[in-house]
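Please read the structure below before turning to the comments.
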Amino acid sequence: MADIRYQFDAIEAKWQKYWEERGLFKTSEVPGAEKYYLLEMFPYPSGKLHMGHVRNYSIGDVVARYLKMKGYNVLHPMGWDAFGLPAENAAIQNGIHPNIWTVANIAEMREQLKGLGISYDWDREVATCAPEYYKWMQWIFTRFFEKGLAYKKKNPVNWCPSCETVLANEQVVDGVCDRCGTLVGKKELEQWYLKITDYADRLLADLDKLPGWPAKVKTMQKNWIGKSRGAEVDFPIEGFDEKMRIFTTRPDTLFGVTYMVLAPEHPLVDKLAEGTGQEKAVAEFRHKLQFMSDIDRASASLEKEGVFIGREAVNPLSGVKVPIYIANYVLMDYGTGAIMAVPAHDQRDFDFAVKYGLEIIPVIEPEAEGIDVNNLTEAFEAEGRMINSGDFNGMDNKEAIGKISEFLEKEGIGKRSENFRLRDWLISRQRYWGTPIPMIYCEKCGWNAEKEENLPVLLPTDVEFTGKGESPLTTSKTFRDAVCPVCGGKGERETDTMDTFLDSSWYFLRYCDARNSGQAFSKEKADYWMAVDQYIGGVEHAILHLMYARFFTKFLYDEGYCPVEEPFTNLLTQGMVLKDGKKMSKSVGNVVSPGEIIKKYGADTARLFILFASPPEKELEWSDAGVEGSFRFLNRVFRLACELAEEIKSAPTGFEASGEADREMNYAMNFAIKKVADDISGRFAFNTAISAIMEMVNAIYKYKEVPGRQAGLLKAAVDSLILILSPFTPHICEELWSLTGHGGSLYGESWPACDEAALVLDKVEIVVQINGKIKEKLVVGSGLDSEALAAFVTADEGVSKLISGKTVVKTVAVPGKLVNIVVR
RNA sequence: GCGGUUGUGGCGGAAUAGGCAGACGCGCACGGUUGAGGGCCGUGUUCGAGAGAGUAUGGGUUCAAGUCCCUUCAACCGCACCA
């Protein structure tokens with residue numbers, strides 16, 4: 001027969017055009033069919049797809065195409081996280097307007113995605129930089145404002161001198177800017193915040209309602225929210241009216257307090273030091289700290305230092321007076337910015353006390369021997385029995401936590417309290433390419449939200465990109481002028497824009513109803529599609545994006561717009577794509593460009609390799625040889641189908657698997673159909689699904705050489721092969737579907753049915769073990785129960801020989817698997 | 001320091017609910033086809049000549065352990081003076 005080559009480039013172009021022209025990927029809403037919302041994290045339109053994208057979207061596409069074949073109404077959308085810094089930097093460097101730059105990049109990347117053959121419903125495409133989108137972003141912001149969850153506050157904020165903008169705490173990693181790696185400084189600025197801390201408890205508690213999320217991600221979020229239980233206690237200060245409020249998780253150690261510490265930035269510090277003669281020492285210490293970077297300040301290895309501020313506090317339980325310090329190890333932005341120090345039972349306090357010769361009073365002693373609490377060499381942080389603690393002596397310290405808290409509340413000295421590590425979300429950015437914050441300031445009425453009918457507040461175009469500290473929006477001649485939405489008088493617009501993380505915190509809702517011009521999304525559409533059944537993306541978004549999206553969803557749920565409290569029912573965090581064991585990066589020079597791979601081997605090969613090389617949640621090591629292997633496999637499939645095409649076209653439908661070889665072929669076929677379905681839907685094990693298909697191909701190759709093989713069975717096998725391979729490599733499968741005599745597209749075909757009966761073999765090989773060691777393999781009838789199996793095996797000549805002369809203690813028989821004979 | 005994840009051939013990986021370790025692929029070797037190369041096809045490929053041993057380490061539970069429990073080690077990730 002003629003040698004037909006697998007011309008992937010022509011095939012892929014042909015079918016991509018076919019799909020697009022017929023609009024096959026448009027979301028269907030067939031009544032009665034179950035819905036499935038499948039979402040992959042939308043990309044920032046940098047202009048070029050990288051391998052991480054290819055992996056992300058290939059995974060999604062397998063699932064989308066599979067579920068489509070299973071008859072679901074699948075929502076599988078794509079869009080662009082299109083606001084952000086690179087566009088603005090391009091504007092500063094090259095003089096191109098961010099919008100032009102972004103739109104061009106989107107166009108390029110959209111084509112690349114189409115070139116991969118991903119089945120997106122492009123009718124629902126969104127770009128966060130489009131006014132039709134950010135109008136509703138602004139609207140959501142005004143909802144937050146009306147509910148008192150958006151507020152403006154002057155605060156020292158993280159300032160990136162390179163990006164010239166403020167950063168959220170979450171965007172500062174190890175003291176440097178998350179984006180550019182520049183050392184982050186502090187700056188006093190009035191900024192907008194979202195009160196995510198109001199949702200801290202729910203964000204934490206509802207993690208338990210997400211069994212479909214990786215434990216790792218949930219743990220990371222849990223740690224990030226960082227809830228601690230304890231008590232706030234007021235310590236009176238000698239010769240001073242105001243009290244010093246501290247937070248502690250260890251109220252049981254209250255009698256062990258030997259000094260107090262305020263954060264150097266604490267507002268009480270100056271007032272307390274005044275007139276004590278310590279003013280100078282305090283000022284010098286603070287001055288010194290100012291010149292220390294955040295990294296050094298935050299490092300646990302930093303030596304603890306502090307100064308006495310000249311006053312004493314009174315222990316409200318014991319009446320004992322203790323000195324008050326300021327120290328570098330107490331942070332203003334956690335708890336109350338002040339602590340009680342218990343050196344005997346806290347290592348940090350212990351270190352400090354040793355250095356400054358402060359008293360160490362043990363109040364808990366261990367039940368076990370061996371530790372002399374009166375001569376500690378390090379803090380005793382374990383559980384034990386209360387001592388030196390007045391009425392609480394002798395109590396178990398865990399019990400004392402509750403008892404002392406109760407006492408504090410009864411006496412009005414303190415109260416039980418909870419503290420979170422999570423801070424409110426700083427969302428103001430002094431940048432151009434973001435959603436304008438739709439707020440107006442009026443001398444009379446203060447800050448108010450722009451009226452809904454005036455949204456969107458459009459980004460002005462008459463701005464200068466100077467790269468200076470203030471938002472470029474301030475350079476517009478007209479942008480600032482506004483009418484106060486309350487009194488109608490003269491107002492002034494906010495010129496800061498929003499953190500782009502807001503834009504991506506609700507895009508999944510917009511997809512449900514992407515073209516709605518009157519609402520962010522309709523209740524009806526959100527009711528139908530939400531929640532996202534499966535979300536797929538990189539683990540680097542485990543904390544920020546996913547928590548912000550959960551926060552938005554909860555808020556919109558509370559406001560009655562969104563039907564669910566949690567946006568993503570199941571989450572798959574895909575692993576990174578590595579080359580030579582390292583992350584692909586320009587600086588290392590190990591980047592493999594998807595474009596080149598597609599050009600050389602085609603999109604199907606790229607998809608197949610990426611799905612086959614590793615399970616999706618693990619890292620994937622790029623291998624050129626592996627790509628060759630995937631390409632080879634597709635060629636093998638192509639040749640097989642071409643060789644059999646004519647025979648299949650004229651083959652009868654249906655077959656009788658009468659001979660041994662027929663039954664083997666039939667088994668292999670049905671096994672693959674079942675296995676691939678289970679692997680895709682049950683556990684995203686695309687690698688093993690593909691290996692099952694490879695085995696099926698091997699089986700067909702073998703079967704076609706069998707004399708007397710049946711054309712009907714061959715046809716069934718090849719048809720099934722094409723269908724079950726199609727979610728992975730759709731182009732070649734479409735082509736082969738045509739070549740083997742089927743009309744039109746296989747998109748919309750059903751997943752082949754598995755004939756369970758074909759999977760039941762009449763004979764099965766079982767293992768015979770003696771004392772757990774494999775000694776023999778026997779072929780037996782498959783229907784045997786364990787008793788019959790044991791009898792059969794014991795009666796076998798070879799086996800009897802093995803056990804002759806020994807006493808059989810026990811025989812364990814597992815039908816279909818093995819028999820283990822325990823002898824002495 | 002705290003929390004999490006992971007350790008299986010030369011390599012990527014498989015073993016899904018405790019039941020034949022190494023599926024599938026890569027690489028490699030040999031053979032066939034070919035003028036040659038490539039391609040394709042076939043055979044072999046954990047170690048060991050063999051008995052046997054073998055899933056990071058040492059122990060345990062079990063008729064049976066890569067899988068469950070404990071010990072130690074290593075790697076990776078997250079958090080890190082959070083009171």
Side-chain angles (χ1 to χ4, degrees), chain A residues 3 5 173-174 214-224 226-228 230 246-250 253 261 263 297-304 327-331 333-342 345-349 351-352 419-422 539-540 542-543 575-576 581 608-609 612-615 617-630 632-633 635-636 639 675 678-679 682-683 685 687-698 701 705 765-774 776-777 809-823:
Chain A
D3 183 32
R5 277 195 41 241
V173 176
D174 294 333
K216 178 184 172 157
V217 173
K218 287 192 277 190
T219 310
M220 281 166 74
Q221 293 214 355
K222 223 169 257 178
N223 292 340
W224 195 263
K227 179 173 177 167
S228 348
I246 60 96
F247 172 74
T248 180
T249 54
R250 295 292 302 274
T253 62
V261 188
R297 206 32 229 285
S299 156
S301 57
L302 181 73
E303 179 158 0
K304 287 160 189 52
N328 58 358
Y329 74 100
V330 174
L331 310 172
D333 55 2
Y334 183 77
T336 59
I339 64 158
M340 63 181 211
V342 187
H345 304 289
D346 181 288
Q347 191 57 42
R348 295 158 299 179
D349 298 345
D351 295 343
F352 191 86
N419 239 294
F420 293 93
R421 214 191 75 110
L422 184 73
V539 73
E540 65 273 19
I543 298 176
M576 271 198 297
L608 187 71
F609 166 71
F612 179 56
S614 183
E617 67 280 1
K618 277 191 68 171
E619 291 179 337
L620 182 151
E621 174 66 30
W622 186 265
S623 153
D624 291 329
V627 178
E628 290 275 359
S630 293
R632 209 147 51 210
F633 171 71
N635 275 284
R636 194 166 146 82
R639 280 195 310 272
K675 165 102 178 140
D678 287 352
D679 281 356
R683 50 186 201 133
N687 53 337
T688 54
I690 291 167
S691 77
I693 296 174
M694 286 171 169
E695 286 179 89
M696 181 182 176
V697 169
N698 293 342
Y701 262 97
E705 301 303 330
E765 190 187 61
I766 62 125
V767 165
V768 181
Q769 298 179 331
I770 310 288
N771 287 347
K773 300 251 183 248
I774 295 154
E776 191 105 28
K777 290 182 184 181
V809 180
K810 187 175 183 179
T811 304
V812 182
V814 183
K817 299 264 188 204
L818 57 68
V819 173
N820 188 11
I821 303 167
V822 186
V823 298

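For the numbers below, each heavy atom of this structure counts, side chains included, while hydrogens, waters and symmetry mates do not. Worth saying up front: this structure is predicted, and the values here are computed from it rather than measured. Every chain is numbered from 1, with letters handed out A, B, ... down the list of sequences.
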For [X], which residues count as a side chain to side chain contact (heavy atoms under 4.5 Å, CB included) partner, sequence neighbours excluded?
X      : answer
A/R636 : A/R639, A/V697, A/N698, A/Y701
A/K810 : A/V812, A/V822
A/T811 : A/A790, A/V808, A/V819, A/I821
A/A613 : A/F609, A/L620

Which of these nucleotides, [options], is closest to any side-chain atom of [X]?
X      : options                : value
A/K773 : B/rA14, B/rA53, B/rA83 : B/rA53
A/F247 : B/rG13, B/rG3, B/rA83  : B/rA83
A/R421 : B/rC63, B/rA80, B/rA14 : B/rA80

Using atom [atom1] of each nucleotide, how far apart are [N] and [M] to the nearest Å?
N      : M      : atom1 : value
B/rC79 : B/rG19 : P     : 37 Å
B/rU57 : B/rU71 : C1'   : 9 Å
B/rG66 : B/rG22 : P     : 12 Å

Any side-chain to backbone donor/acceptor pair from A/Q769 onto A/L818? Under 3.5 Å, distance only.
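Between the backbone of A/L818 and the side chain of A/Q769 there is no qualifying donor-acceptor contact (under 3.5 Å).
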
With a cut-off of less than 4.0 Å, is there a side-chain N or O of A/K810 near OP1 or OP2 of B/rC63?
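For A/K810, the contact criterion (side-chain N or O under 4.0 Å from OP1 or OP2 of B/rC63) is met.
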
Less than 4.0 angstrom between a side-chain N/O of A/K216 and OP1 or OP2 of B/rG78, yes or no?
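Indeed not, no polar side-chain atom of A/K216 lies that close.
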
Sequence neighbours left out, what passes salt bridge (Lys or Arg N to Asp or Glu O under 4.0 Å) with A/D349? Give chain and number order.
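Here no residue qualifies.
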
Set of side-chain hydrogen bond (donor to acceptor under 3.5 Å, both in side chains) partners for [X], sequence neighbours left out:
X      : result
A/D678 : none
A/S623 : none
A/D624 : A/W622
A/T688 : A/D679, A/R683

What one-letter contact string describes nucleotides 25-30 of chain B from 5' to 3', where B marks a base within less than 4.0 Å of any protein heavy atom, S marks contact via sugar-phosphate atoms alone, and - marks no contact?
SSS---

When every nucleotide of nucleotides 16-22 of chain B is labelled 5' to 3' by its protein contacts under 4.0 Å (heavy atoms), B for base, S for sugar-phosphate only, - for none, what sequence of letters results?
B--BBS-

Integer-rounded Å distance: [N] [atom2] and [X] [atom1]:
X      : N      : atom1 : atom2 : value
A/Y329 : B/rA80 : OH    : P     : 20 Å
A/R639 : B/rC40 : CZ    : C1'   : 6 Å
A/I543 : B/rG4  : CD1   : P     : 16 Å

If you take all heavy atoms of A/K675 and A/A692, which pair is closest and at what distance?
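Smallest heavy-atom distance, with atoms named: CG-CB, 3.6 Å.
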
Using the closest heavy atom to pick a nucleotide of RNA chain B for each, name whichever of A/I690 or A/F420 lands nearer the 5' end.
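Looking at RNA chain B, the more 5' nearest nucleotide goes with A/I690.
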
Please list every stem that involves RNA chain B, where a stem is a run of 3 or more consecutive Watson-Crick or G-U wobble pairs with both pairing distances under 3.5 Å.
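Detected stem regions: B:1-7 with B:73-79, B:10-12 with B:24-26, B:27-33 with B:39-45, B:58-60 with B:68-70.
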
